[in-house]
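It should be emphasised that the depicted structure is a prediction, and the values quoted were computed from it without experimental measurement. Values below: all heavy atoms of this structure, side chains included; hydrogens, waters and symmetry mates excluded.
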Amino acid sequence: MNVRTRFAPSPTGYLHIGGARTALFSWLYARKMGGTFILRIEDTDRERSTQESVDAILQGMDWLGLGYDEGPFYQTHCFDRYKAIIQQLVDTGHAYRCYCSKEELEAMREGQMARKEKPRYDGRWRERQDETPPEGIQPVIRFRNPQDGAVEFDDLIRGKITVSNAELDDLIIARSDGTPTYNLTVVVDDIDMNITHVIRGDDHINNTPRQINIMRALGFEPPKFAHVPMILGSDGQRLSKRHGAVSVMQYRDDGYTPQALMNYLVRLGWSHGDQEIFSREEMVEFFSLESINRAPAAFNADKLLWLNQHYLKTLPVEELEAQLQWHLQTQALDTSNGPALADVINVQRDRAKTLVEMVAMSRYFYEDFSAYDETAVQKQFKADTAANLQVVHDELAALAEWKGEPIHAAIQAACEKLGLKLGKVGPPLRVAVTGGSSSPSLEITLELIGRERSLARIQQAVQFIRASAATG
RNA sequence: GACCCUAUCAUCUAGUGGCCUAGGAUAUCGCCCUUUCACGGCGAGUACCGGGGUUCGAAUCCCCGUAGGGUCGCCA
């Protein structure tokens with residue numbers, strides 16, 4: 001059997017973390033089985049669907065590297081097909097017109113709620129198709145749900161789920177303006193697209209029995225279902241904006257690599273023994289629906305950050321260089337006048353947790369800073385520091401070759417001349433050339449900053465300290 | 001309220017009746033490394049929701065509670 005899965009978002013917002021994980025699982029299963037992954041845009045709600053949302057979803061999937069084999073298909077392009085199916089259901093007695101007004105339905109619901117009953121359509125038009133309909137009301141079309149028995153399906157993640165038909169009411173499949181609703185379009189598309197495995201969020205569990213009934217009324221057997229548990233916020237509540245970033249693209253903006261986000265998402269609710277790090281190939285190789293956890297999982301930003309750092313440390317430099325471009329632009333850092341970006345990445349990748357951080361902490365390689373970090377100055381720039389730095393400056397200035405090793409030797413030589421330990425000389429030097437108190441090892445930092453800039457900055461620091469001493 | 005689903009450290013999880021005095025990871029804390037910031041190394045504490053069964057034996061199977069989540073739209 002050729003496996004066919006689909007991701008079917010409705011374009012009413014950006015691609016969020018939960019949707020991305022569902023898409024990932026669906027994508028992984030298709031890849032794992034050598035099947036086909038289809039993207040379908042469920043835009044039948046014309047009020048809320050927007051082109052911006054479609055673009056945002058496409059952009060998100062692209063950034064994550066979730067390529068689809070077919071689509072994107074748009075449901076709004078299939079209205080004729082839905083219309084024909086709805087007509088077919090009416091003709092075969094599986095659906096009927098209901099002339100209830102919205103007000104009438106609202107009153108019905110309120111009454112049921114007041115009596116503490118499950119709010120549901122009571123089927124009042126189910127057996128009244130021969131009556132002359134009321135004037136001036138455009139009817140909706142409802143599916144005639146079976147009243148006896150139960151619907152049972154074997155969820156690939158949850159196991160057997162049974163719902164009594166008595167729990168299901170006659171749902172609307174066509175609005176009064178004739179447009180189809182979700183539960184109808186899903187069924188028609190899943191049939192038409194030969195979907196074999198419906199992998200989706202478990203908020204759809206309750207829709208599944210209805211969809212199965214419609215499918216059977218149409219003469220088809222339902223596909224396999226796999227309902228993946230949703231993602232909770234760090235407080236165990238439904239994930240929302242107050243938990244921080246929810247949009248996938250926000251993670252790019254915040255300096256995360258797609259590799260880290262994918263790895264985080266795949267391990268959220270799924271596992272393969274004790275393994276934490278998965279390459280894309282490993283994900284595909286080891287993935288299985290059966291090992292997806294049944295319980296919802298809480299989003300943990302700390303672990304994502306750790307994974308991001310891991311990928312910053314291990315990804316090929318070229319890959320990071322490519323990803324960094326966007327951030328360099330956004331943070332307006334011009335790297336053309338300074339050390340090779342790859343060299344800077346190699347020395348900063350161990351100490352940055354995000355790409356945003358990496359850019360921020362690499363600025364001094366390319367630009368002169370306008371001010372020193374205040375606490376660093378207080379701690380490292382003492383009255384006698386100026387003289388010490390001058391000695392270091394002179395040793396460095398005499399260097400024939402501006403490379404890490406000789407630079408290190410020169411600093412050592414300065415220390416000996418001064419009779420000071422490196423711990424006394426290094427930190428102020430670091431502040432002098434970087435403006436702050438943290439950087440890679442001194443010799444590498446100096447090498448990358450370059451001879452002219454380094455010497456000029458040390459000289460500038462000497463003057464700064466003398467000036468402060470004079471005024472202070 | 002009704003229905004559906006779920007339940008191992010703070011969090012993600014391993015575990016499918018004996019290998020479990022419950023393993024890994026993140027976070028936290030301590031020590032080591034160290035010219036700063038980091039990385040890294042080593043170590044510590046922390047969990048089977050409760051109660052009944054079944055069994056020689058239960059984190060694992062069953063039942064009942066409890067707690068959490070989801071759904072009850074002319075939204076998807």
Can you check the distance between [N] and [M], where both ends of the measurement are the [atom1] atom (answer in whole Å)?
N     : M     : atom1 : answer
B:A14 : B:A25 : P     : 15 Å
B:C32 : B:G68 : P     : 46 Å
B:A10 : B:A22 : P     : 15 Å

What does [N] pair with, Watson-Crick or G-U, if both distances are under 3.5 Å?
N     : value
B:C61 : B:G53
B:A22 : none
B:C3  : B:G70
B:C33 : none
B:A44 : B:U28
B:A14 : none
B:A38 : none

Under 4.0 Å, heavy atoms only, any strand: does [X] hit a base, just the sugar-phosphate, or nothing?
X        : answer
A:Asn293 : sugar-phosphate
A:Lys424 : nothing
A:Asp350 : sugar-phosphate
A:Pro440 : base
A:Gly269 : sugar-phosphate
A:Arg120 : nothing
A:Glu104 : nothing
A:Ser10  : sugar-phosphate
A:His227 : nothing
A:Leu422 : base
A:Met361 : nothing
A:Thr179 : nothing
A:Cys98  : nothing
A:Glu42  : sugar-phosphate

Out of [options], which has the shortest distance to the side chain of [X]?
X        : options             : answer
A:Arg294 : B:A7, B:U13, B:U35  : B:A7
A:Ser271 : B:A14, B:U35, B:U6  : B:A14
A:Arg267 : B:G24, B:G1, B:U26  : B:G24
A:Asp274 : B:G23, B:C12, B:G70 : B:G23

Practice item. Establish, yes or no, whether a centroid distance under 6.0 Å links the rings of A:Tyr96 and A:Phe143. Key: no
Exercise for review: State yes or no: are the ring centers of A:Tyr372 and A:Phe464 separated by less than 6.0 Å?
Suggested key: yes
Check your understanding: Okay, side chain of A:Asp373, backbone of A:Gly436: is any donor-acceptor separation there less than 3.5 Å?
Key -> no
Exercise for review: Check for a donor-acceptor pair, side chain of A:Asp202 on one end and backbone N or O of A:His227 on the other, with a separation under 3.5 Å.
Suggested key: no
Check your understanding: B:G70 phosphate, OP1 or OP2: any side-chain N/O from A:Arg200 under 4.0 angstrom?
Key -> no
Review point. For B:C49, is chi within 90° of 0 (syn) or not (anti)?
Key: anti
Exercise for review: Only counting residues at least two apart or in another chain, list the ones meeting side-chain hydrogen bond (donor to acceptor under 3.5 Å, both in side chains) with A:Glu319.
Suggested key: A:Gln259, A:Gln323
Practice item. Find which nucleotide of RNA chain B each of A:Arg351 and A:Asn300 is nearest to by heavy atoms, and output the residue with the more 5' nucleotide. Key: A:Asn300
Review point. Roughly how far, to the nearest 0.5 Å, is CD of A:Glu357 from CZ of A:Arg351?
Key: 12.0 Å
Study note, to complete from the structure: Within residues 108-117 of chain A, the residues having a heavy atom closer than 4.0 Å to RNA chain B are A:Arg109, A:Lys116
Review point. Between A:Lys118 (NZ) and B:C72 (C1'), how many Å, whole number?
Key: 6 Å
Exercise for review: Report the distance from atom CG of A:Leu184 to atom P of B:G73, rounded to the nearest whole Å.
Suggested key: 18 Å
